[in-house]
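Below: the structure, in structure tokens.
Below, chain A is the first sequence line, B the second, and so on; all start at residue 1.
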There are 2 protein chains.
Amino acid sequence: MPATIKDVARESGVNISTVSRALNHGYGVNDQTREHVIAVAARLNYRPNRIARGLVTGRSHSLGLIVSDIRNPFFAEVARGAEDAARTGNCDLVLCNSDLDADKQMQYVQSLLEKRIDGIMMNSVSMLSREQQTQLAGSGVPIVLLNRPASNHTFSTVCADNESGGALAARYLLGLGHRRIAHLTGPRQHGNLSDRARGFVRALQSAENPVQPIVLHGKFNFDGGAELARKLLDAHPDVTAIFAANDVMAFGVVQAALDRGLRIPEDLSLIGFDNIEFSVVVHPPLTTIHQPKYEMGSAAVDILLRLARDKSKQIPEHRRLGVELVERQSCQQRNSGELRLPRGRQSHR
Amino acid sequence: MPATIKDVARESGVNISTVSRALNHGYGVNDQTREHVIAVAARLNYRPNRIARGLVTGRSHSLGLIVSDIRNPFFAEVARGAEDAARTGNCDLVLCNSDLDADKQMQYVQSLLEKRIDGIMMNSVSMLSREQQTQLAGSGVPIVLLNRPASNHTFSTVCADNESGGALAARYLLGLGHRRIAHLTGPRQHGNLSDRARGFVRALQSAENPVQPIVLHGKFNFDGGAELARKLLDAHPDVTAIFAANDVMAFGVVQAALDRGLRIPEDLSLIGFDNIEFSVVVHPPLTTIHQPKYEMGSAAVDILLRLARDKSKQIPEHRRLGVELVERQSCQQRNSGELRLPRGRQSHR
DNA sequence: CTCAGATTCGCAAACGTTTGCGACACTTGG
DNA sequence: CCAAGTGTCGCAAACGTTTGCGAATCTGAG
């Protein structure tokens, strides 16, 4: 139905190859005929068939993004960053939701490969079997892993600097005068979360007056945060500050604190991680470590586009993105905190 | 690099057309050779090039989704529903963020058309010029409008039943015994919001003891909700229940109420609209009208797939999806409410 | 005027499929 | 044994581009 390059060629009295050259680079075609061809193409409302072009050029000008669930605000932000970058790179983005299911993930990859996608971004590859991973690596298409630390893999990675994020939180709480500090986090196996924990603990321990935080592991969702907070407040009612491994856990902490009549930040300072959109609207607005989600998406696309440009050098690239502290209203100076606590407890390691 | 159909043909000693038939429908090819071809294809790890196939079949097996911003949880949910449905329909989804910019929107449409996409879903077409709209309609590709009421357009639509949603909220508040009721909503031009308002007002007026609500118009975001609530509470401190046109506005109302020391639901009942994910985690958990966002996405894809299936009958389809009340903790029975109010005020229309 | 070089453009192959049509062999009913 | 039908498969065109190569024309210096 739509006009093809043949129509334009016939209508403007030249060969289709001339039309192609005139419309694309314009090199090797007379200025006059080029303008004429362009005019005719505009008049016929000609739109090049990109999939026909893709057949011969071998590039589809689309990128795949496989996330666990786009409803997760984190991935929505990543997706937005990726989409904007893809668009400026003249590509479009096909979206896949894997639900962290390994088979589903591989099916998506296969489907994307069949479309000869130019590159794939995915947020997790951990649960893939060894065989699946090598299959992925041998597929020939550039792949960048989101939110995964650099490794010796054949894949590129984009990751926030979780460790310095943890350190940032630690120094902030220390600066506010807190000494009885806890960290609520997810399972030990979780790479990013344990990086945050490591950065946090090390910064506390290497302070001039070293502090040994209480670290509790649990589920890293809303309920997990609430549950860990209850457990913590039962065992250590004297803690004055909590660092939650992510904002959603922090919301759970708010819930648990509220249930006990504890006010935030008056009775308990709280700092999260991620800076998801709703941490500003929740009450009190949450102080947190901002993770550059948007930038992760755009950085991943940048890598993919570079890799797609020169097929020759396919060396993986690893980018670690900086994080920053966003100060809102869930933390408070603890001037008198030390005085109220018995000395013996403070030196407790 | 990857194996092509020719490789399979050569390797299995048959013609490429036989390979194609064997791998696709299997009709017209001997069982024995078919199995042989399939085995060879599997051995060579053959993956059909879908873009080559698309060239001849004319179908790309991908659908376009243009939303204003995927970071909006509403659209993330819609996108998820659309993606799931697309996947079961053997299509994939390309994601576009328009920021409600008309030009950007048209650029995306053009880009999608160049890829010979099978159908397009978009969430707003209101700001497009008349010319752009006819251009859209004449593009030949099925289009379904998200969250737009049915109209005489040439486009299909999918929309929640906003009017009965408003009525649902009204009957619920009446049932709780409220008589001094307000509705905070967006600008009058906004179709969906005015539908909600109409349903709400009509249900209140047609009750056995008719009630005339206070209706205030403003911005339909967090700040707008807070601002309208302040204005309302200044002018009508006796209101006992508020229906906010969407959940985000409701969050603004919570904020404003908190600032005045009003407790929800003890002092003020509050009901929202949308049932966004965070209405359950906010405090208090928000009673709201659930909008079938996921279903909107999947319904849109259903329409598109049907329209793409038989190109002959391209009559637009309009679906209105049911809403339902989700009862949480932001509303409360108002037994004594009527008794405390002077009679004169109640009959005020 | 001539001829080399540059410019402009057409021809045709190629990308990897699908599919209508015809060739051929095999079955089957008369 | 023959004709018609059926099953199986190959041939080649088509989808709409891009691009290497060569032909034709033009330019300008000698």
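At least one side-chain heavy atom of A:Asp302 sits under 4.5 Å from a side-chain heavy atom of A:Arg319. Two residues are said to be in side-chain contact when any heavy atoms from C-beta on lie closer than 4.5 Å; A:Val109 and A:Leu136 meet this criterion. At a threshold of 4.5 Å between non-hydrogen side-chain atoms, the residues B:Ser98 and B:Ser68 count as touching. Two residues are said to be in side-chain contact when any heavy atoms from C-beta on lie closer than 4.5 Å; A:Arg50 and B:Arg116 fail this criterion. Put simply, the side chain of A:Asp101 does not reach to within 4.5 Å of the side chain of A:Gln105, judged on heavy atoms.
A cation-pi arrangement is absent between B:Arg71 and A:Phe75, since the terminal nitrogen or guanidinium carbon is not both under 6.0 Å from the aromatic centre and inside a 45° cone about the axis.
Contacts of B:Pro48 classified as side-chain contact (heavy atoms from CB on, under 4.5 Å), with partners at least two apart in sequence or in another chain: A:Glu114, B:Tyr46, B:Arg53. Taking the salt bridge (charged side-chain N to carboxylate O under 4.0 Å, His left out) definition, one finds that B:Asp99 meets it with A:Arg80, B:Lys104, sequence neighbours left out.
Side-chain nitrogen and oxygen atoms of B:Asn49 include none within less than 4.0 Å of the OP1 or OP2 phosphate oxygen of C:dT17. Between A:Asn24 and D:dT18 there is a side-chain polar atom (N or O) within less than 4.0 angstrom of OP1 or OP2. For the OP1/OP2 pair of C:dT17 and a distance below 4.0 Å, the side-chain nitrogens and oxygens of B:Tyr46 include at least one atom meeting the criterion. Here A:Thr4 reaches the OP1 or OP2 of D:dT17: one of its side-chain N or O atoms lies under 4.0 Å away. Regarding contacts with the backbone of D:dC9, a side-chain N or O of B:Thr33 is found under 4.0 angstrom from either OP1 or OP2.
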Sort me out a list of protein N/O and nucleotides 25-28 of chain C N/O pairs below 3.5 Å, or just none if empty.
none

Between protein and nucleotides 20-27 of chain D, what N or O pairs are separated by less than 3.5 Å?
unit_1 : atom_1 : unit_2  : atom_2 : d
D:dG20 : O6     : A:Arg21 : NH1    : 3.4

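With the nearest nucleotide of DNA chain C identified for both A:Arg34 and B:Lys6, A:Arg34 has the one nearer the 5' end. Between B:Asn15 and B:Thr57, it is B:Asn15 whose nearest contact on DNA chain D lies nearer the 5' terminus. Nearer to the 5' terminus of DNA chain D, by closest-nucleotide assignment, is the contact made by B:Gly13 (compared with the other of B:Gly13 and B:Leu55). Along DNA chain C, the nucleotide nearest to A:Tyr27 and the one nearest to A:Thr18 differ in position, and the one closer to the 5' end is contacted by A:Tyr27.
A straight line from CD1 of B:Ile51 to P of D:dA14 spans 21 Å, rounded to a whole angstrom.
Sparse packing is recorded around CZ of A:Arg320, with 12 or fewer heavy atoms of other residues, nucleotides or ligands lying under 6.0 Å away.
With distances taken from any side-chain atom of B:Ala52 to the nucleotides C:dT17, D:dC9, C:dT18, the minimum falls on C:dT17.
Side-chain contact, B:Asn162 with B:Asn192: a donor N or O sits under 3.5 Å from an acceptor N or O. In this model, a donor atom of one side chain and an acceptor atom of the other lie less than 3.5 Å apart for B:Thr157 and B:His318. In the model, A:Tyr108 has no side-chain atom that pairs as donor or acceptor with a side-chain atom of A:Asn97 under 3.5 Å.
Using a 4.0 Å cut-off on heavy atoms, none of the residues of residues 106-119 of chain B approach DNA chain D. Residues from residues 87-94 of chain A placing a heavy atom under 4.0 Å of any atom in DNA chain D do not occur.
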Check the pair B:Asp84, B:Arg87 against salt bridge (charged side-chain N to carboxylate O under 4.0 Å, His left out), reporting the backbone distance first and the verdict last. CA-CA 5 Å; B:Asp84 283 355; B:Arg87 188 174 136 73; over 6 Å; no
